[in-house]
Amino acid sequence: MDTHEDIVAIGLLTQDDIRRLGNNFSRLFPVPRDGAFDDLIKAIDNADRERQQRVPG
């Protein structure tokens, strides 16, 4: 696999998500539950909530 390919998506997946993807999922970087990403996850949640409030329907 070419490791110089452009990144097109980043996802936060559960263990169940990973099982469903199976062998079709090529790269996985586990995130430890040490709180290091708490601010990032809060920012994503806030941005998503703000976007939903702006979009009609």
Side-chain angles (χ1 to χ4, degrees):
M1 174 167 54
D2 180 5
T3 58
H4 299 300
E5 294 180 58
D6 292 338
I7 295 173
V8 296
I10 295 174
L12 300 173
L13 306 172
T14 65
Q15 193 65 41
D16 191 44
D17 295 330
I18 300 299
R19 276 192 294 276
R20 288 182 189 153
L21 289 169
N23 293 336
N24 295 321
F25 194 66
S26 60
R27 288 191 269 182
L28 171 67
F29 301 96
V31 176
R33 292 180 175 255
D34 61 3
F37 288 89
D38 288 355
D39 289 341
L40 174 61
I41 293 171
K42 286 178 188 174
I44 292 169
D45 288 343
N46 289 339
D48 189 46
R49 192 170 18 262
E50 290 173 11
R51 182 189 61 80
Q52 288 178 4
Q53 290 174 350
R54 287 192 308 265
V55 177

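For reference, positions follow the sequence shown, starting with 1.
- Evaluation of the side-chain contact (heavy atoms from CB on, under 4.5 Å) rule for D38 yields no partner, not counting sequence neighbours.
- To the nearest 0.5 Å, atoms CD1 (I44) and CG (D39) are separated by 11.0 Å.
- Under the side-chain contact (heavy atoms from CB on, under 4.5 Å) criterion, N46 pairs with R49, sequence neighbours left out.
- In terms of the salt bridge (charged side-chain N to carboxylate O under 4.0 Å, His left out) criterion, R54 has no residue partners (sequence neighbours excluded).
- Listed by chain and number, the residues in a side-chain hydrogen bond (donor to acceptor under 3.5 Å, both in side chains) with Q52 are D48 (sequence neighbours excluded).
- With sequence neighbours excluded, the residues satisfying side-chain hydrogen bond (donor to acceptor under 3.5 Å, both in side chains) with D16 are R20.
- L13 is linked by a side-chain contact (heavy atoms from CB on, under 4.5 Å) to D17, I18, L21, F25, counting only residues two or more places apart in sequence or in another chain.
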